[in-house]
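Let me begin by presenting the structure, written as structure tokens, before commenting on it.
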2 protein chains.
Amino acid sequence: MSLRIFSNSSVYALRALMYLVSRREKQKYISIKEMSETLDISFHFLTKALQPLTHKGILMSSRGPAGGVSFLKAPEEVTLMEIILILEGEDFFKSCMLGLEGCGHQRPCPVHGVWMDIKSILMKEFSSISLAMIGDKTVMQHLRLMNL
Amino acid sequence: MSLRIFSNSSVYALRALMYLVSRREKQKYISIKEMSETLDISFHFLTKALQPLTHKGILMSSRGPAGGVSFLKAPEEVTLMEIILILEGEDFFKSCMLGLEGCGHQRPCPVHGVWMDIKSILMKEFSSISLAMIGDKTVMQHLRLMNL
DNA sequence: CTTATTTAAGACATATTAGTCTTAATTAAA
DNA sequence: TTTAATTAAGACTAATATGTCTTAAATAAG
């Protein structure tokens, strides 16, 4: 297996968000159907993957013709960190590298310190990146969000 | 879900290695049975999890009475990085954060740069830690390798 | 008001990972 | 040389993650 830190569901939601923000100047709502086809993601699966984001006020959605999803919160104000905590859960960065329960300062595992450092770096990185930054970069440098 | 970068199988093997190195002064072989009971890991599962390490010359094993596993390569010379590549595969650190095929300098995804940085840090950290270091630390600070 | 379009929700199916069990092969000791 | 102990290997089962399908609810347009 290769290194992956997010579930498929989260990755799909992330890619859709990146797609959405990279063309946010167009019409108000963008349909999940369009995104699922463009990004080659199962439509129903993507629909569900995005729901926590609407529930938590990142996106808004509209049913019916010309419906879809759109940003409720300004992408400039949304960090990757915030998205990750919504998609994966608030405890995402509270794990032990060895999966031990209650591993912490009191009763640490042998790699507790290293793992803490690594998690800190991840959190710092993800907190410093907004969706708007990703969208701008994606447009300007023609970056890809799908397999070829 | 919380952050985890290794499979259960790999985590079990890592914990067993840490246990093994933290008491390497004792008898030559330590039985997998003993480790599986001490660490509360399924015996057969642990047996299989450790096999790639014997195949790759990190451990040696002996069947029969007083058998078990022991280090073939000196724990001072074995880094976490080396273990991870054996357990998870040589391509472990070649992944894309968004799971895109062929994501690289040529056709990067929007988070390619960040992800590269993160992976570099991980590789650097894991390369700088030997099993012997972990063993010494575990003994000296009475660190734990199992759930309470 | 009716229809077509779209998200929401949940049941269902499939694939992958994790874990168990059985048998075989090896080895040390009696 | 027989027996018990142990790893090796592989079939099998269970749990979880991933993906599909069906139906319901909402909404815009005619």
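It should be emphasised that the depicted structure is a prediction, and the values quoted were computed from it without experimental measurement. No hydrogens, no waters, no symmetry mates; every other heavy atom, side chains included, goes into these values. Residue numbers begin at 1 in each chain, while the letters A, B, ... track the order of the sequences.
Candidate nucleotides C:dA4, D:dA8, C:dG19 were compared by shortest atom distance to the side chain of B:Thr47, and D:dA8 ranks first. Of the candidate nucleotides D:dT22, D:dA8, D:dA5, D:dT22 has the atom lying nearest to any side-chain atom of A:His44. Nearest nucleotide to the A:Ser62 side chain, out of C:dT6, C:dT20, D:dA28: D:dA28. With C:dA8, C:dT27, D:dA17 as the choices, the nucleotide that has an atom nearest any side-chain atom of A:Thr54 turns out to be C:dA8. In this structure, of D:dA4, D:dT27, D:dA9, it is D:dA4 that holds the atom nearest to the side chain of B:Pro65. Taking only side-chain atoms of A:Gln51, from C-beta outward, the nucleotide of C:dT6, C:dA9, D:dA9 with the closest atom is C:dA9.
Proximity of A:Tyr29 to the phosphate of D:dA28: no side-chain N or O atom is located under 4.0 Å from OP1 or OP2. Residue B:Arg4 has a polar side-chain atom (N or O) positioned under 4.0 Å from OP1 or OP2 of C:dA18.
Inspection of the A:Tyr29 and A:Glu34 side chains reveals no N or O donor paired with an N or O acceptor under 3.5 Å. Under 3.5 Å, the side chains of A:Ser10 and A:Glu88 contain a donor-acceptor pair of N or O atoms.
Crowding of B:Lys33 atom NZ: a count of heavy atoms from other residues, nucleotides or ligands under 6.0 Å not exceeding 12. For NZ of B:Lys137, the number of neighbouring non-hydrogen atoms (other residues, nucleotides, ligands) closer than 6.0 Å is greater than 12.
Rounded to an integer number of Å, the gap from B:Glu88 CD to C:dT17 P is 10 Å. For the pair B:Arg63 CZ and D:dA9 C1', the computed distance is 9 Å after rounding to whole Å. Taking atom CE on B:Met1 and atom C1' on C:dT17, their separation rounds to 11 Å, with Å as the unit. The distance between atom CZ of B:Phe43 and atom P of C:dT20, rounded to the nearest whole Å, is 13 Å. Taking atom CD on B:Glu34 and atom P on D:dT7, their separation rounds to 10 Å, with Å as the unit.
Among the atoms of the strands shown, none is found under 4.0 Å from any heavy atom of A:Met60.
With respect to the salt-bridge test (charged N to carboxylate O, under 4.0 angstrom), the residues A:Lys56 and A:Glu82 do not qualify.
With hydrogens and angles left out, the side chain of B:Lys48 and the base of D:dT7 share no donor-acceptor pair within 3.5 Å.
If you find the closest nucleotide of DNA chain D to A:Ala66 and to A:Asn8, the one lying nearer the 5' end belongs to A:Asn8.
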